[in-house]
Number of protein chains: 2
Amino acid sequence: MPAKPRRTERRSDALSKERIIAAAINILDTDGEGALTFRALATRLTTGSGAIYWHVANKDDLLAATTDHVIAKALTGAPVDAAPGDAIRAIALAVFDAIHARPWVGTQISREPWQSGTRRIFEGLGQQLQALGVPERAQFNSTSALVGYLLGLAAQYAAGARLVAQKTSRAGFLTDVVARWTQDEPDRYPFVQQIADELREHDDREQFRAGIDIILAGIAAIR
Amino acid sequence: MPAKPRRTERRSDALSKERIIAAAINILDTDGEGALTFRALATRLTTGSGAIYWHVANKDDLLAATTDHVIAKALTGAPVDAAPGDAIRAIALAVFDAIHARPWVGTQISREPWQSGTRRIFEGLGQQLQALGVPERAQFNSTSALVGYLLGLAAQYAAGARLVAQKTSRAGFLTDVVARWTQDEPDRYPFVQQIADELREHDDREQFRAGIDIILAGIAAIR
DNA sequence: ACCTGAACACCGTTCAAGT
DNA sequence: ACCTGAACACCGTTCAAGT
């Protein structure tokens with residue numbers, strides 16, 4: 001016999017944390033970080049702005065939940081059967097690609113790194129480092145180095161994307177950074193001067209991968 | 001004969017970008033990131049909030065200038081005559097210590113990394129990597145790895161400090177993070193479970209230094 | 001139990017008006 | 001040239017009142 005509707009059963013149009021998260025992601029993807037307000041969210045969900053607080057503690061809670069959602073999904077695609085070194089690269093690149101697709105994830109994960117999204121990344125990388133044979137005493141620091149690097153790049157990428165949005169193109173943004181970094185006091189910044197062309201033309205994903213390889217080589221060397 | 005007062009000469013109580021930056025740093029150090037508003041700044045400078053805009057483009061500009069000021073000062077102490085490897089550690093630790101003393105610098109540098117503060121760090125580390133003998137084709141990626149790691153740790157440290165402020169102690173904050181990271185679904189996070197004690201008791205500065213050593217070892221190995 | 005929406009206590013930024 | 005401070009257009013969050 002069919003179960004009686006439980007108390008927790010809801011009309012399909014009832015509010016829920018899941019629906020709020022989905023709407024928030026939608027706004028962030030479509031209109032950017034500045035467009036996510038409780039008023040905009042309420043309008044999109046055709047409800048009152050106060051209603052959202054019944055399901056979500058505050059804006060930080062909402063952003064943590066949306067970020068965790070995206071990171072969890074990104075890590076789902078990462079392989080389990082690959083060699084540890086390849087698995088580490090795959091996990092790191094999966095996170096990188098998720099942030100590339102949604103720069104607001106980078107903003108959030110670097111603004112509030114002590115959240116569940118980081119826990120997932122930490123766990124995924126740590127397990128593979130173990131499988132790689134890194135001795136136990138070096139596992140915590142090695143994983144932290146990898147996670148720290150990843151967070152740093154996330155911050156750079158997210159900030160870059162915000163500036164690209166203003167300058168309309170990635171080339172324009174980098175040309176602008178290089179111009180600002182080389183115009184005043186060029187004598188004080190010979191190294192920046194020297195790598196200016198590379199900075200202007202580099203591929204973010206390739207550079208990210210190169211950094212991961214450096215850290216993996218360092219972990220192997222230190223062990 | 002004494003020079004005539006030039007047009008640019010000012011009464012000592014006149015506003016200037018320098019005075020605004022000093023007041024902003026004062027507020028940030030004393031009352032935290034949330035306390036820096038144009039109204040608070042105007043009160044401390046006994047002026048109108050609109051007056052600040054004559055010297056500073058907007059809040060982002062102000063924060064970039066304060067951060068650059070702190071980073072510049074931090075790098076002043078870094079040695080020039082040390083061996084390249086030691087100089088790199090010294091530069092990195094100087095930035096780390098500056099962020100330790102002023103977590104708001106970490107927030108700002110990870111939120112807006114494409115600013116002058118990062119340029120100084122990039123230049124300092126790049127020069128030493130050159131002196132270390134890293135081949136030219138590897139210099140850009142190597143420096144970026146180091147800078148990326150440093151920004152990531154800056155973000156972690158700043159976020160940690162914000163949470164410490166809420167929890168009143170660093171031990172309390174880390175205990176809280178560990179509790180949140182291990183309580184639900186412990187089976188899905190065996191690695192986090194395993195390093196929980198280390199996470200709770202680790203020394204940030206030592207871990208940061210360990211990460212720098214890993215990256216330096218990696219740079220040496222890859223070359 | 002859950003939702004409404006006005007109200008509160010803020011923000012950054014602008015700008016006419018002053019000196 | 002530089003400063004004043006009210007005004008504008010927002011925010012996140014709260015909460016009495018509804019269903």
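A quick note: this is a predicted structure, and the numbers were derived from the prediction, not measured. FYI, side chains are in, hydrogens and waters are out, and symmetry mates aren't considered; it's all heavy atoms of this structure. All chains are named by letter (A, B, ...) in the order of the sequence lines, taking the proteins before the strands, and each is independently numbered beginning at 1.
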Using atom CG of A:L41 as one end and atom P of C:dG5 as the other, report the distance to the nearest whole Å.
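After rounding, the gap between these two atoms is 16 Å.
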Nearest-Å distance, CD1 (B:I52) to C1' (C:dC11)?
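To the nearest whole Å, that distance equals 14 Å.
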Pairs of donor and acceptor atoms involving the side chains of residues 181-189 of chain B, under 3.5 Å and at least two apart or interchain, shall be tabulated with distances.
from   : atom 1 : to     : atom 2 : distance (Å)
B:T182 : OG1    : B:V178 : O      : 2.6
B:D184 : OD2    : A:R119 : NH2    : 3.4

Not counting sequence neighbours, which residues clear salt bridge (charged side-chain N to carboxylate O under 4.0 Å, His left out) with B:R111? List them please.
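For B:R111 the salt bridge (charged side-chain N to carboxylate O under 4.0 Å, His left out) partners, ignoring immediate neighbours, are B:D60.
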Please identify each residue that fulfils salt bridge (charged side-chain N to carboxylate O under 4.0 Å, His left out) with A:R209, with sequence neighbours left out.
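Partners of A:R209 by the salt bridge (charged side-chain N to carboxylate O under 4.0 Å, His left out) criterion, ordered by chain and then number, come out as A:E206.
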So which pairs with a foot in residues 146-160 of chain B pass side chain to side chain donor-acceptor pair (under 3.5 Å), sequence neighbours left out?
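Sorted result for residues 146-160 of chain B: B:H100-B:Y157.
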Contact list for residues 144-158 of chain A, test salt bridge (charged side-chain N to carboxylate O under 4.0 Å, His left out), sequence neighbours left out:
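Salt bridge (charged side-chain N to carboxylate O under 4.0 Å, His left out) check on residues 144-158 of chain A returns no pairs.
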At less than 4.0 Å, is any side-chain N or O atom of A:W54 found next to OP1 or OP2 of C:dC2? Yes or no.
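Yes, A:W54 has a side-chain N/O under 4.0 Å of OP1/OP2 on C:dC2.
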Return the set of residues passing ring pair (Phe, Tyr, Trp, His ring centres under 6.0 Å) with A:F173 (not counting sequence neighbours), or none when no residue passes.
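Residues passing ring pair (Phe, Tyr, Trp, His ring centres under 6.0 Å) with A:F173: B:W114.
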Short N/O separations, protein against nucleotides 12-18 of chain C, under 3.5 angstrom:
from   : atom 1 : to    : atom 2 : distance (Å)
C:dG12 : OP1    : B:K59 : NZ     : 2.6
C:dG12 : OP2    : B:F38 : N      : 3.2
C:dG12 : N7     : B:R39 : NH2    : 2.6
C:dG12 : O6     : B:R39 : NH2    : 2.9
C:dT13 : OP2    : B:Y53 : OH     : 2.9
C:dT13 : OP2    : B:K59 : N      : 2.9
C:dT13 : O5'    : B:Y53 : OH     : 3.2

A:D197: what forms a side chain to side chain donor-acceptor pair (under 3.5 Å) with it, not counting sequence neighbours?
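Only A:R200 meet the side chain to side chain donor-acceptor pair (under 3.5 Å) criterion with A:D197.
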Nearest non-hydrogen partners of A:N141 and B:I214, listed with the distance
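Looking at all heavy atoms of both residues, the closest pair is O-CD1, 4.2 Å.
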If a stem is a run of at least 3 consecutive Watson-Crick or G-U pairs, both distances under 3.5 Å, which stems include DNA chain C?
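Consecutive-pair runs (3 or more) involving DNA chain C: C:4-8 with D:12-16, C:12-16 with D:4-8.
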